[in-house]
Protein chains: 2
Amino acid sequence: MSELKPPSFVSAQMVADRAGVSRSAVSRTFTEGASVSEATRRKVMEAANALGYHVNHLARGLRERSNIVCLVVADMTTPIRARMVDILTRKLQASGKITMVINTETDTESVSAALRQTLNYRADATVVLSGTPPASLIETCIANGQQVVLINRDERLQGSSNLGVDNAMAGREALYLLRRAGCQRLGLITSNAGTASLVEREEVFVQAARDAGLNVTVTQAGPTSYQSGQEAARRVFGRSASPDGVFCVTDLLALGFMDVARQEFGLKVPDDLCVIGFDDIEQASWSSYQLTTFRQPLDPMADEVVDLLLQPERAVSERRLIEPIPIWRRSVRPASA
Amino acid sequence: MSELKPPSFVSAQMVADRAGVSRSAVSRTFTEGASVSEATRRKVMEAANALGYHVNHLARGLRERSNIVCLVVADMTTPIRARMVDILTRKLQASGKITMVINTETDTESVSAALRQTLNYRADATVVLSGTPPASLIETCIANGQQVVLINRDERLQGSSNLGVDNAMAGREALYLLRRAGCQRLGLITSNAGTASLVEREEVFVQAARDAGLNVTVTQAGPTSYQSGQEAARRVFGRSASPDGVFCVTDLLALGFMDVARQEFGLKVPDDLCVIGFDDIEQASWSSYQLTTFRQPLDPMADEVVDLLLQPERAVSERRLIEPIPIWRRSVRPASA
DNA sequence: AAGGTAACTGCACACATGTGCAATACTTTA
DNA sequence: TAAAGTATTGCACATGTGTGCAGTTACCTT
């Protein structure tokens, strides 16, 4: 569409001409461990600085690894996602990679387009934070020698590395905490996202309750957000048999739920109502909330991702599970009254 | 350090061989508007799909524009930054660009490294969301034909496009709202970040108050965060002559400030204390806060950035100012009692 | 001083692409 | 049917690197 002139960058040849050496000398000057005499190196550096030369990583990427890692992510404004992107880009950078962010919707078509971009730019690896990539494209990535790491998507896709938090543990522990607090009528709040992680937390919680002879009212609101949490609370407390202990599969849901429960229904947390979330986003620690929750250990997870990328042979297809960390705050009573 | 084999991608030559045509034919098949017969195009597409071929954008980037845009950003977990990154990546993608995110600290050394990466990857353009890039590097970028867009950094750097919100307007309006609410003792809460934007909001507010014959107590806490807002509140209300109306240069500061004022000092908002923020992050609208604030119109700003990139001739060095939108909520009294 | 060795340098190739130019195949017109 | 015109194709070049290989230089040892 646009016939824009490409930017005119300075090439190694120009530097070589100015320094009066061969282009190879320039290349070697900028290559770790290559053999160049101190004299030529100095001449080259001088010319390079004068001209403002910077090695072209695109061209370099033609011969060897591109050092590009693609990050496929949706819902980037969600606090937990923002933190993950932050930490990942940081750690990837620190290990010499550069991050391309592809912002998708969670629908498959959109993710497919993202995966194609990954291939177009010859990324060494693709990290998928959200959405469900189609198996066929994953295979293409892997066939081309790319590494694929899926985070918190537990669809087992052949050849990709999987990494996620132990949702089952959170579901069981949440139930334990609520029971210990003496809650009689349990509730579970989830979104309609249908992500495997969310579903797993829900199912384990409900099953564990059933095993203990307790019933759970499941409420499914809209997308994973504060507003959905509010709406869920209005639905839950707008009728009889309202719960006195709820597990929200996400902190955002929990915070919206708490606000409506307190402000619109006059409930006291944790006296009348105990609330547990999941993620440990920053807002959960704010003094208005003090939400008991499970922290996703993002730092160790990101470390694990970087490790996988640096040592591809470690990339077993078996799923790596990381334990979430229970964060005890004041939205749950310590023991039954 | 690592002698990792580069991924083995399928090239246009392989497709050509399989389809029994020349490599040019393959190239033209994937080039908009090039001349290829329907028959060969079909043969090529078939071979390409069978092999899983994807055009190498790195190689393409050698001859023409790379379509890469670098986003230099710090404090990515801040809600306002996360939203900006989200919106920008989205819009850039929609206009055929791909985004490289470079996560920096705000210190100059770190930003310099980021700018060098930009040059290494032959980005068409660099968008700086945070930090202050050194003028010399900006010049290098521009000399190489790159476009540089600085957002909310009003250091006027020669040749770069500048874009930001009208901080002065917000400062003046904040004062007006507080005075109309009948506030007598004004306070201003700021961070120690020292960003030009923050400083400008502060100075305009203080000056406007002075012009009206009012005094303002300025409190400078730590970095721009909820915790700094809390700390500021403890400092402010822990002594005599505490304010009954404050302008916090950032929503995060305002929310922390409000929480401590209400929970630790028993103040009622807006009855005893009026609070105004800036940014309109999502949490400002949460029912626990209902913060009156000024919205950064991120969508129009991002549109403007994309426009600038697509029409470089529009990139005047003059600064583009966008008006923040006053968002009226309940943290300020509508009129004096 | 001769010979051997180690350090350095430059040539040429490979990497994957887009396109100008000339050659060829096909279609239309007189 | 021939000529003229048009659509398609392939060659070869250019883009900027890194590196194997061979050739050159400097230095050290005997």
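Residue numbering restarts at 1 for every chain, and letters A, B, ... go by the order of the sequence lines.
An angle of 40°, rounded to 10°, separates the two end axes of the helix from C:dA1-D:dT30 to C:dA30-D:dT1, each defined over five pairs.
A:Arg63 places its CZ atom 7 Å from the C1' atom of D:dT17, with the value rounded to the nearest Å.
Of all nucleotides in DNA chain C having an atom under 4.0 Å from a heavy atom of chain A, the first and last in 5' to 3' order are C:dC8 to C:dT17.
Residues meeting the side chain to side chain contact (heavy atoms under 4.5 Å, CB included) test with A:Ala193, sequence neighbours left out: A:Ser191, A:Thr195, A:Leu198, A:Thr224. Considering only residues two or more places apart in sequence or on other chains, B:Thr40 meets the side chain to side chain contact (heavy atoms under 4.5 Å, CB included) condition with B:Val21, B:Val36, B:Ser37, B:Lys43. Listed by chain and number, the residues in a side chain to side chain contact (heavy atoms under 4.5 Å, CB included) with B:Pro300 are B:Pro297 (sequence neighbours excluded). Every side chain to side chain contact (heavy atoms under 4.5 Å, CB included) that A:Arg116 has, sequence neighbours left out, goes to A:Glu109, A:Ser112, A:Leu137, B:His54.
DNA chain D is contacted by no residue of residues 37-44 of chain A, taking any non-hydrogen atom closer than 4.0 Å.
Sorted by first and then second residue, the ring-ring contact (aromatic ring centres under 6.0 Å, His included) pairs with a member in residues 59-111 of chain A form an empty list; sequence neighbours excluded. Contacts classified as ring-ring contact (aromatic ring centres under 6.0 Å, His included) and involving residues 92-135 of chain A (residues at least two apart or in different chains) are given here: A:Tyr121-B:His57. Here side chain to side chain donor-acceptor pair (under 3.5 Å) pairs that include residues 15-33 of chain B, with residues two or more places apart or in two chains, are B:Gln13-B:Asp17.
Among the atoms of the strands shown, base atoms are found under 4.0 Å from some heavy atom of B:Ser27. When heavy atoms are screened at a 4.0 angstrom cut-off, A:Phe30 is found touching no nucleic acid atom at all.
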Identify the pairs formed between an N or O of the protein and an N or O of nucleotides 10-12 of chain D at a distance under 3.5 Å, and give each distance.
residue, atom, partner, partner atom, Å
D:dG10, OP2, B:Ser22, N, 3.0
D:dG10, OP2, B:Ser22, OG, 2.9
D:dG10, N7, B:Arg28, NH2, 2.9
D:dG10, O6, B:Arg28, NH2, 2.7
D:dC11, N4, B:Ser24, OG, 3.0

Which side-chain N or O atoms in residues 70-83 of chain B pair as donor and acceptor under 3.5 Å with protein atoms at least two apart or in another chain?
residue, atom, partner, partner atom, Å
B:Thr78, OG1, B:Asp75, O, 3.4
B:Arg81, NH1, B:Ala74, O, 3.1
B:Arg81, NH1, B:Ser130, OG, 3.4

